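Only a predicted model underlies this, so the values are computations on that prediction, with no experimental measurement involved. Sequence lines set the chain letters: A, B, ... in the order given, protein chains first and strands last, and positions in each chain run from 1.
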Protein chains: 2
Amino acid sequence: MDSRGQIRHIGGGQFSRNQIAMNDQSQKNRRLYRMTERAKTQDETRARIIAATMQLHDEKGVTATSFVDVAKRAGIGAATVYRHFPNMGSLVTACGTHVWEEMAPPTPDQAEELFSGLDRREDRLKRLVDEVYDFYARGSLRLGKAYADREHFPELDQFLLAVETGIQALVRKAVTPAVTSQTTLELVYALTDFAVWTSMQRVSGDEAARRHHLARLIGCALTEPPHP
Amino acid sequence: MDSRGQIRHIGGGQFSRNQIAMNDQSQKNRRLYRMTERAKTQDETRARIIAATMQLHDEKGVTATSFVDVAKRAGIGAATVYRHFPNMGSLVTACGTHVWEEMAPPTPDQAEELFSGLDRREDRLKRLVDEVYDFYARGSLRLGKAYADREHFPELDQFLLAVETGIQALVRKAVTPAVTSQTTLELVYALTDFAVWTSMQRVSGDEAARRHHLARLIGCALTEPPHP
DNA sequence: CATTCCACGGAATATTTATTCCGTCAATAA
DNA sequence: TTATTGACGGAATAAATATTCCGTGGAATG
């Protein structure tokens with residue numbers, strides 16, 4: 001990405017004029033062009049675009065944000081936005097990368113150590129709920145926007161799928177090694193997802209109380225009953 | 001509404017030219033105009049507009065649907081759509097009325113009889129979950145669309161608020177007369193909302209099993225614990 | 001320093017959507 | 001039957017967006 005001193009081509013590199021010329025067989029006398037100083041301002045422009053876009057996404061939602069909007073907000077020409085991002089999808093993806101870093105979702109590899117030393121299921125569940133709900137609280141606004149427009153942008157869907165994968169990995173670790181059926185596991189997945197968090201936020205009392213409630217509910221879910 | 005033989009004015013009656021003239025003091029020699037035959041085709045047009053709109057809402061969502069879209073789909077001129085509905089909000093409201101009738105949400109007044117004769121809490125909860133989940137299943141698609149664009153249309157918000165009010169009334173009846181705190185009640189509200197239903201739908205097994213799971217969770221929620 | 005390169009953005013072009021005007025024609029009144 | 005009324009929709013107008021072209025100026029090269 002930040003390949004200072006390399007041959008640069010923005011927008012993923014598929015559409016630089018230079019790049020296109022390279023593919024052309026008759027590019028005999030073409031001066032090699034490395035970017036050093038320029039790369040900086042180029043990166044700045046890119047960053048400004050992404051910042052403006054995230055701002056607009058936060059305000060109006062992803063679907064309601066247009067290229068012109070972004071250009072205005074970033075204080076640059078619309079054509080420049082297009083050169084950096086050929087379509088909204090790629091812009092959304094770029095924002096996704098930033099957002100992912102900012103909200104730092106739980107990842108499967110964290111799961112192992114997160115529950116180390118916690119033997120009692122109760123403790124493990126508490127840890128699980130704390131971890132997941134801290135995350136939801138961090139990402140609240142943007143997760144909400146992403147879920148709202150998920151069906152309109154495959155990139156949002158991918159993002160959320162990744163988020164859900166990480167959380168479900170935590171759930172599995174928290175619940176292991178107890179013997180639980182797949183269905184029960186899925187029930188806990190449901191209870192720990194963002195939609196339920198959102199619903200839970202409407203319950204009065206402080207955050208700690210809400211987390212306690214959820215942990216208790218998960219405990220109930222894990223108590224498998226006989227089904228008729 | 002369907003006042004055949006009355007003086008008609010479409011679009012809620014605020015902007016009929018005739019109506020405007022009526023307000024004018026100098027409407028001395030104005031022929032009285034009652035509509036009989038015409039009202040029929042007028043109602044048909046209105047119905048076609050609403051049907052087209054609901055179709056588009058189902059396909060692309062509320063926010064993504066434009067007047068031009070609606071006109072095309074209904075096979076009429078855009079101007080006609082405007083005469084019937086001066087803005088998207090009024091069209092959304094009109095659709096809401098139809099949708100409300102189609103999905104027939106639980107209403108507070110049904111609550112009383114719904115639980116009559118059911119003394120055991122377990123039975124009451126089962127009845128509650130059945131009633132609410134039958135409703136969610138009926139309205140699934142449109143409720144999802146409404147929730148997705150809720151923030152963009154006050155009319156959708158009103159609609160959903162009304163839906164939620166009805167369901168919460170059921171919840172209260174189902175839980176009464178047991179002594180439960182406000183917080184516990186809110187917890188059950190959360191568990192019975194549409195978002196949780198959506199999450200629950202991802203749990204494998206048949207629908208009956210899912211309902212059983214939810215009823216059990218609600219039962220757990222009602223078992224108030226001491227909180228530290 | 002002369003030459004080459006290319007990111008930037010103003011401006012042109014093409015669509016799509018929003019909104020209004022107004023003539024037509026069938027329905028309605030007298 | 002004749003004059004009147006108003007719903008309808010084609011067409012005009014306005015405005016926002018999408019998308020591309022191309023000239024410019026400063027960076028990069030040798």
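Taking atom CD of B:Q42 as the reference point, atom C1' of D:dG9 lies 15 Å away to the nearest angstrom. In this structure, the CZ atom of A:F85 is 16 Å from the P atom of D:dA18, given to the nearest Å. Look at CG on A:L91: it is 13 Å from P on D:dT19, rounded to the nearest Å. Look at CD on B:E44: it is 10 Å from P on D:dC8, rounded to the nearest Å.
For B:Q110, the side chain to side chain contact (heavy atoms under 4.5 Å, CB included) partners two or more places apart in sequence, or in a different chain, are B:P106, B:T107, B:E131. When the side chain to side chain contact (heavy atoms under 4.5 Å, CB included) test is applied to A:F67, the partners found at least two apart in sequence or on another chain are A:V81, A:Y82, A:M88. Residues passing the side chain to side chain contact (heavy atoms under 4.5 Å, CB included) test with B:E151 are A:K145, sequence neighbours excluded.
When distances run from any side-chain atom of A:R83 to the nucleotides D:dG9, C:dC8, D:dC8, the shortest one goes to C:dC8. Looking at the side chain of A:Y82, the nearest of the listed nucleotides D:dA18, C:dG10, C:dC8 is D:dA18. Proximity note for B:A79 (side chain, C-beta onward) versus C:dT20, D:dC8, C:dA7: the nearest is C:dT20.
Counting only distance, with no hydrogens or angles, the side chain of A:E155 and the backbone of A:T93 share no donor-acceptor pair below 3.5 Å.
Within the structure, every pair that satisfies the salt bridge (charged side-chain N to carboxylate O under 4.0 Å, His left out) test and touches residues 104-114 of chain A, not counting sequence neighbours, is listed here: A:E112-A:K173.
Contact annotation: the side chain of A:E164 approaches that of A:L161 to within less than 4.5 Å [non-hydrogen atoms, C-beta and beyond]. B:R210 is not listed as a side-chain neighbour of B:D206, based on a closest heavy-atom distance of 4.5 Å or more. Between A:Y189 and A:V196, the closest side-chain pair of non-hydrogen atoms is not below 4.5 Å.
The side chain of A:T45 contributes no N or O atom lying less than 4.0 Å from OP1 or OP2 of C:dA7. Contact between the side-chain N/O atoms of B:T80 and the OP1/OP2 oxygens of D:dA7 is not found at any separation under 4.0 Å.
Toward the 5′ end of DNA chain D lies the nearest nucleotide of B:G75, the other residue of the pair A:A78 and B:G75 mapping further downstream.
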inquiry  = For a quick check, with a 4.0 angstrom heavy-atom cut-off, what is the B/S/- contact string for nucleotides 24-30 of chain D, read 5' to 3'?
reply    = -BBBBB-
Quick one: which protein N/O atoms are closer than 3.5 Å to N/O atoms of nucleotides 14-17 of chain C? Pair and distance per line, please.
none

task = Report the C-alpha distance between A:Q182 and A:E186 in whole Å, list the side-chain angles of each, state the deciding distance to 0.1 Å, and finish with yes or no for side chain to side chain donor-acceptor pair (under 3.5 Å).
result = CA-CA 6 Å; A:Q182 173 66 15; A:E186 289 166 354; 3.0 Å; yes
